[in-house]
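All figures in this text were calculated on a predicted structure; none of them were measured in a lab. In listed order, ligands and their atoms are each counted from 1.
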Amino acid sequence: MRKNIVAGNWKMNNDLSASKKLAKQVAKLVKKSKVKGTKVIIAPTFVNLERVVKATKKSKVKVAAQNMHFAESGAFTGEIAPGMLKSIGVKTVILGHSERREYFGEDDALLAKKVDTALQHNMDVIFCFGEVLEDRKSGKQEQVVESQIKNALFHLEAAAFKNIVLAYEPVWAIGTGETASPEQAQDMHAFIRKTLSDKYGANVADEVSILYGGSVKPANAVEIFSKPDVDGGLIGGAALNAEDFVAIVNAF
Ligand code: PGA
């Protein structure tokens with residue numbers, strides 16, 4: 001059965017002490033929370049990963065990286081390899097976030113390589129994609145999302161999807177306060193599941209968790225998460241506050 005997941009992407013926020021503090025607060029609130037089945041993930045910046053892993057060790061909170069290089073090692077100044085993440089206890093990585101695509105030129109071909117490397121290392125991938133406002137205005141959102149998924153993932157074997165979580169994040173809703181309506185999210189998630197089903201069959205499609213991301217807050221999470229094909233959220237701004245983040249976890 002597919003899992004409900006709430007993941008917090010801290011982006012380039014929080015120094016070491018703020019990261020440890022927020023991680024501990026989240027762990028404490030998650031412990032008190034009544035929600036049993038929901039997987040909770042937080043993704044601090046690279047430099048604070050190890051300390052956040054330690055700070056959450058005895059809790060149910062898992063720690064993810066926000067990015068990763070596709071090579072095992074080598075002359076890639078400023079980059080982080082999968083083995084380095086695993087060596088500090090990080091087994092999950094977010095790939096393809098729209099900010100990586102927009103500001104750092106990451107394209108589908110590069111992301112396909114990163115996904116391959118992560119899977120070779122037995123890591124779990126939260127794979128992000130989504131259309132920009134112009135695509136939605138011109139009704140091309142499904143076409144765009146379908147090509148992002150196909151180009152980066154459809155070379156994989158069906159079994160690989162056991163380690164992949166999809167995160168649909170319409171770019172126009174990220175950090176803007178504008179959320180896709182629960183119906184828009186559901187329609188796209190159903191389309192994504194159908195796209196997977198057409199390629200890999202209904203069993204694979206049914207098992208993959210599909211998260212929604214883009215201005216999810218405690219006030220709108222319940223309605224968005226109530227949709228049948230929405231299995232949780234990738235949370236940016238609201239993940240920087242422990243109460244808000246765990247309120248979103250509790251939205252299930
Ligand atoms: P937001 O960010 O919740 O601040 O819109 C979501 C994301 O970028 O994952």
Side-chain angles (χ1 to χ4, degrees), residues 4-14 18-19 22-23 26 38-46 48-49 52 61-68 90 92-106 111 114-115 118 124-133 135-136 141 144-145 148-149 152 164-182 184-186 188-189 192 209-225 227 230-252:
N4 291 335
I5 300 169
V6 176
N9 175 10
W10 293 1
K11 308 190 179 180
M12 197 174 74
N13 293 294
N14 295 328
S19 296
L22 180 56
V26 169
T38 304
K39 190 168 175 185
V40 182
I41 300 171
I42 52 178
T45 54
F46 283 129
N48 296 322
L49 276 171
V52 168
V61 178
K62 301 282 174 229
V63 179
Q66 298 173 16
N67 182 30
M68 192 189 81
V90 174
T92 305
V93 63
I94 298 172
L95 294 176
H97 191 279
S98 68
E99 287 146 21
R100 297 298 316 168
R101 293 176 190 258
E102 187 181 348
Y103 306 132
F104 303 96
E106 298 200 5
L111 292 168
K114 291 191 177 198
V115 169
D124 291 326
V125 174
I126 301 175
F127 184 75
C128 310
F129 52 85
E131 82 283 1
V132 297
L133 189 58
D135 299 327
R136 177 139 305 250
Q141 65 272 17
V144 168
V145 161
Q148 287 171 324
I149 295 173
I164 293 178
V165 170
L166 300 179
Y168 167 59
E169 299 203 298
V171 179
W172 49 271
I174 296 178
T176 58
E178 192 167 338
T179 327
S181 68
Q184 283 174 321
Q186 168 56 28
M188 184 57 91
H189 284 221
I192 294 162
S209 297
I210 309 176
L211 314 185
Y212 168 79
S215 299
V216 178
K217 310 276 179 240
N220 59 25
V222 173
E223 218 190 328
I224 297 172
F225 293 177
K227 296 295 176 193
V230 178
D231 306 307
L234 182 55
I235 320 299
L240 298 175
N241 176 290
E243 275 87 21
D244 285 352
F245 181 62
V246 181
I248 294 169
V249 174
N250 286 331
F252 275 110

- Go through the side-chain N and O atoms of E131 and W172 and say whether any donor and acceptor fall under 3.5 Å apart. yes
Counting only pairs under 3.5 Å, give me each side-chain donor-acceptor contact of residues 243-252, with atom names and distances, residues two or more places apart or in other chains.
residue : atom : partner : partner atom : Å
N250    : OD1  : S33     : OG           : 3.2
N250    : ND2  : V246    : O            : 3.3

- Scan residues 209-223 for pairs that pass side chain to side chain donor-acceptor pair (under 3.5 Å), counting only residues two or more places apart or in two chains. T179-N220
- Message: So which atom in T45 and which in M12 form the shortest heavy-atom distance, rounded to 0.1 Å?
- Response: CG2-CA, 3.9 Å
- Task: Select all protein residues for which some heavy-atom-to-ligand 1 distance is less than 4.0 Å, and list them by chain and number.
- Result: K11, H97, E169, A173, I174, G175, G214, S215, L234, I235, G236, G237
- Query: Looking at side-chain heavy atoms only, is the closest gap between I41 and I94 below 4.5 Å?
  - Reply: no
- salt bridge (Lys or Arg N to Asp or Glu O under 4.0 Å) partners for K39, two or more places apart: none
